[in-house]
Amino acid sequence: MQVAYQVLRIISAGGFYSGESLAKQCKVTRARIWQAIELLREYGLEVHAVKGLGYSLLNEIELLDADTISSHFTQDSLFHVSQIEILNQTDSTNDYLKRSIPYLKPNHLCVAEGQVKGRGRMGRGWYSPLTKNIAMSFFCQSKLSVDNLAKLSLVVGCCVLRAIVDLIGEYPGLGLKWPNDIWYNGSKLCGILVETQQDKTSHDIKQVVIGIGLNTHKIRIPYEGKFISLEQITGTLVSRNQLVAMITNHLVSELPRFEIQGFSCVRETWDKYDLLTGHTVTVKQGTDILEGQCVGINDNGAILIKHNHMTKSYFSADVQVRPYAITS
Ligand code: BTN
């Protein structure tokens, strides 16, 4: 795969490259270049071969790049982010960071061109084809007590949503689906997986890995459910590097504020973009299934469901909405 990435880096600059020139630049045989091109095609990249001209990418690709990401950082992020690590392909950026925790400085950002075992909430998978979406994880330390766990997830969702709105502007129908999915007109745009390690004695949250999967390009997702991408919403391709930086900027500024100020730091954002309140939803928690009306969230970030004049709160659950219910 190494040669394939070398080739990808070269041809992503645009133009045509002969097998011979690629072989020379990568210091391998032409047969290895041919194999690398085949591999890139297997991973879904459209590599064109034109007789007499060579190889070229059918569509321009912006590869992830640490310098480009940091060029969009705020002063705060430039100061606080300890490292930007770009991976070509990994199992899961969350798993990669969790394995690396003993060697990481706080505020370590990891972004991958693709994941082969991307994970979602509730044991689900997350599809991350090469170069086609954002798969990022951010490692940070925390001083939060464990009862802040649910709210932390919500705060992260608000950070990502704000970054998206900063970049593409307001779109009616774009908002937050508890706990921290970002949806647009009934389809999922972004999923977030917050994983924490707790102190063995105090049970306080010690370390946090925030994983964010965001569909930037129009792709066919091989899972059940409705998904959408920023390309489909806006009609254009956004810069993945810029969006990664903008999300990081919001995390770097909001997470410390959350530690001091609590959920009020994002309450306004939550209330403005909350897609569920007032709608009929089905909540699944293990074998417990309840249909009721979402009446908001409580001060601990749990979703509140009203059923038969009783209100039940859930900290962790799978919430499904009637397909038409959260469209604009
Ligand atoms: C969900 O909606 O269930 C959460 C999806 C989270 C996906 C992201 S992609 C980056 C990070 N690495 C993973 O394996 N998962 C998260």
Side-chain angles (χ1 to χ4, degrees), residues 64 69 84-101 104 108-140 149-150 152-161 163-164 174-184 186-197 207-217 219 221-230 240-241 243-248 250-251 273 275-276 281 283-285 303 314-321 326:
L64 297 167
I69 292 175
I84 303 171
E85 189 172 11
I86 308 284
L87 303 174
N88 289 326
Q89 184 150 268
T90 186
D91 48 357
S92 138
T93 51
N94 267 34
D95 289 341
Y96 175 80
L97 282 194
K98 279 161 67 183
R99 287 194 296 272
S100 314
I101 283 179
L104 298 182
H108 184 110
L109 172 66
C110 168
V111 198
E113 290 289 3
Q115 299 180 122
V116 287
K117 278 191 190 156
R119 291 188 296 109
R121 290 175 61 243
M122 311 268 166
R124 285 189 283 253
W126 184 263
Y127 184 58
S128 300
L130 216 55
T131 73
K132 299 278 166 62
N133 64 11
I134 289 176
M136 63 183 274
S137 295
F138 187 68
F139 163 73
C140 53
L149 206 54
L152 174 64
S153 274
L154 272 54
V155 171
V156 174
C158 290
C159 287
V160 179
L161 183 78
I164 294 172
L174 177 69
L176 293 157
K177 175 178 171 280
W178 185 92
N180 52 18
D181 278 358
I182 297 175
W183 281 49
Y184 174 72
S187 298
K188 181 160 169 167
L189 172 67
C190 170
I192 297 168
L193 180 66
V194 178
E195 298 185 286
T196 54
Q197 299 214 340
Q207 288 155 331
V208 186
V209 173
I210 295 167
I212 298 159
L214 204 167
N215 303 320
T216 49
H217 293 52
I219 44 172
I221 309 232
Y223 299 139
E224 226 182 87
K226 286 174 83 183
F227 292 88
I228 197 154
S229 63
L230 288 178
R240 291 185 303 154
N241 288 306
L243 188 50
V244 166
M246 291 171 85
I247 293 171
T248 310
H250 279 281
L251 292 174
Y273 294 101
L275 291 172
L276 294 188
V281 297
V283 182
K284 285 190 197 159
Q285 194 182 52
I303 190 166
Y314 293 85
F315 281 100
S316 161
D318 199 23
V319 181
Q320 284 174 12
V321 201
I326 61 169

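Order of listing sets the numbers, starting from 1, for every ligand and every atom in it.
A distance of 10.0 Å separates CG of Asn180 from CD1 of Ile210, quoted to the nearest 0.5 Å.
Counting heavy atoms from C-beta outward, Lys177 and Lys188 have side chains that stay 4.5 Å or more apart. Within the 4.5 Å cutoff, the side chain of Ile192 has no heavy atoms near those of the Asp181 side chain.
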Would you tabulate the side-chain donor-acceptor contacts of residues 125-133 under 3.5 Å, counting partners in other chains and residues two or more places apart, or write 'none'?
unit_1	atom_1	unit_2	atom_2	d
Ser128	OG	Gln115	NE2	2.8
Lys132	NZ	Gly44	O	3.4
Asn133	ND2	Tyr127	O	3.1

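Not a single donor-acceptor pair under 3.5 Å links the side chain of Asn215 to the backbone N or O of Phe227.
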Between ligand 1 and the protein, find all N/O pairs closer than 3.5 Å and give the distance for each.
unit_1	atom_1	unit_2	atom_2	d
ligand 1	2 (O)	Lys188	NZ	2.5
ligand 1	3 (O)	Arg121	N	2.6
ligand 1	12 (N)	Thr93	OG1	3.1
ligand 1	12 (N)	Gln115	OE1	2.9
ligand 1	14 (O)	Ser92	OG	2.8
ligand 1	14 (O)	Arg119	N	2.7
ligand 1	15 (N)	Arg119	O	2.6

Stepwise side chain to side chain contact (heavy atoms under 4.5 Å, CB included) check, Asp318 with Arg124 | CA-CA 11 Å; Asp318 199 23; Arg124 285 189 283 253; 3.3 Å; yes
